[in-house]
2 protein chains.
Amino acid sequence: MEKTELLSGTLDLLILRVLKSGPVHGFGIGEKIHVLSKEILEVEEGSLYPSLYRMEAKGWIKSDWGQSEKGRRAKIYSLTKNGIRQLDDERESWLRVAFAIGEVLKNA
Amino acid sequence: MEKTELLSGTLDLLILRVLKSGPVHGFGIGEKIHVLSKEILEVEEGSLYPSLYRMEAKGWIKSDWGQSEKGRRAKIYSLTKNGIRQLDDERESWLRVAFAIGEVLKNA
DNA sequence: CTTAATTACCTAGATTATCTAGGTAAAATA
DNA sequence: TATTTTACCTAGATAATCTAGGTAATTAAG
């Protein structure tokens, strides 16, 4: 069983992407990233929550207290209009850089 | 003209990849990454040299004083056997994570 | 001939993202 | 009743990268 990993600088993008499919609570965002990534990516809570606060402070996401699908008290996050724009920017930036790295790695 | 960028955590991989094609001096490594990446990636010298020292200390690369193609005094770096193994590991890890991020981004 | 630009290396300190390793509390399960 | 799971929170450590300087030699420009 290989170690799950996370690439520094991509966490915000992943969170924003998950929220684009609809509001999710913090804990659930981490789970969704894990599942969607085929168990390759693992987001530590110590990274997840601080990232959520940063992005809320920047106005990319907003939160409301509510309930998780399991009926527990949970803080539900959703994308703002600025968050949608930020997601588009970060996705494009990711694609550019991933392409560029691919170019350097070519024939490695 | 868009800002050049670098993805945190991939610098070692890029340097190792450049050195796989043959010995290059530090300054030249930065230039090669820039060119190979189609001008998308830019490595700051303040990131480049510390990364070279770290990797030399770990035994992934070695250095000898010599000359650049322009005939200037330069420190020439080359891959060690451990460096080749490290390159393979990091490339595989990059491919895994890039794939995983692609999965999360799907249909974004 | 003098000045500016380029090549090439170096580094201290700041910034910032992520992780470690704890913690609380409520609900569900054993 | 005890343990596990869900869910949130956070202080401090770690580590990579960047900022912003610096030196020195060679080449190009004025």
Side-chain angles (χ1 to χ4, degrees), chain A residues 3-16 18 23-35 37 41-58 60-61 63-77 86 90 93-94 97 101, chain B residues 3-16 18 23-35 41-58 60-61 63-77 86 90 93-94 97 100-101:
Chain A
K3 198 183 82 216
T4 51
E5 24 202 344
L6 187 59
L7 193 59
S8 206
T10 60
L11 179 55
D12 289 2
L13 169 61
L14 296 170
I15 293 172
L16 292 171
V18 165
V24 189
H25 64 294
F27 195 84
I29 293 171
E31 291 180 319
K32 279 201 201 290
I33 290 174
H34 187 64
V35 171
S37 72
L41 304 177
E42 182 95 51
V43 182
E44 301 299 328
E45 292 180 52
S47 310
L48 176 65
Y49 293 113
S51 172
L52 289 170
Y53 305 148
R54 282 195 302 270
M55 293 201 288
E56 187 168 22
K58 286 173 178 162
W60 300 341
I61 61 180
S63 65
D64 296 283
W65 284 100
Q67 297 200 5
S68 70
E69 322 85 54
K70 280 150 188 157
R72 302 286 189 85
R73 163 190 162 280
K75 208 191 240 180
I76 311 293
Y77 286 93
Q86 182 65 19
E90 291 200 20
S93 175
W94 158 259
V97 173
I101 292 175
Chain B
K3 198 182 84 219
T4 51
E5 23 200 346
L6 187 60
L7 194 58
S8 207
T10 61
L11 179 54
D12 289 3
L13 169 61
L14 296 171
I15 292 173
L16 292 171
V18 165
V24 190
H25 65 294
F27 195 83
I29 294 171
E31 290 179 320
K32 278 201 203 292
I33 290 174
H34 187 63
V35 171
L41 305 178
E42 183 95 51
V43 183
E44 301 298 329
E45 292 180 52
S47 309
L48 176 64
Y49 293 112
S51 172
L52 289 170
Y53 306 147
R54 282 195 303 268
M55 294 202 286
E56 188 168 20
K58 285 173 178 163
W60 300 341
I61 61 180
S63 65
D64 295 285
W65 283 100
Q67 297 200 3
S68 70
E69 321 86 52
K70 280 151 189 155
R72 300 288 187 85
R73 162 189 162 279
K75 208 191 238 178
I76 311 293
Y77 286 92
Q86 182 65 20
E90 291 200 20
S93 175
W94 158 258
V97 173
I101 292 175

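Throughout, protein chains are lettered first and strands after them, A, B, ... in sequence-line order, and every chain is numbered starting at 1.
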Touch check for [X], heavy atoms < 4.0 angstrom, all strands: base, sugar-phosphate only, or nothing?
X	result
A/Gly71	nothing
A/Gly26	sugar-phosphate
B/Thr10	sugar-phosphate
A/Arg73	sugar-phosphate

Tell me: [atom1] of [X] to [atom2] of [N], nearest whole Å?
X	N	atom1	atom2	result
A/Tyr49	D/dA11	OH	C1'	17 Å
A/Glu69	D/dT6	CD	P	11 Å
A/Glu45	D/dT6	CD	P	11 Å
A/Leu6	C/dT16	CG	P	19 Å
B/Tyr53	D/dA15	OH	P	20 Å
B/Gln67	D/dA25	CD	P	15 Å
A/Arg54	C/dT15	CZ	C1'	12 Å
B/Leu48	D/dT19	CG	P	14 Å

- Message: Which heavy atom of A/Leu11 sits nearest to which heavy atom of A/Ser47, and what is that distance?
- Response: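 Reported closest heavy-atom pair: CD2-O, 3.7 Å.
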Is there a donor-acceptor contact under 3.5 Å from the side chain of [X] to the main chain of [Y]?
X	Y	result
A/Ser37	A/Ile33	yes
B/His34	B/Leu41	yes
B/Glu56	B/Ser63	yes

Nearest to side-chain heavy atoms of [X], which nucleotide of [options]:
X	options	value
B/His25	C/dA8, D/dC18, D/dT6	C/dA8
B/Glu44	C/dT20, C/dC9, D/dC18	D/dC18
B/Ala74	C/dT18, D/dC8, C/dC9	C/dC9

- Would you call A/Trp94 and A/Leu7 a side-chain contact if the rule is heavy atoms closer than 4.5 Å? yes
- Item | Whichever of B/Lys70 and B/Tyr77 has its nearest DNA chain C nucleotide further upstream toward 5' |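 Residue closer to the 5' terminus by nearest nucleotide: B/Lys70.
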- Task: Select from A/Arg72 and A/Ser47 the residue whose nearest nucleotide in DNA chain D is closer to the 5' end of that strand.
- Result: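 Nearer the 5' end of the strand: A/Arg72.
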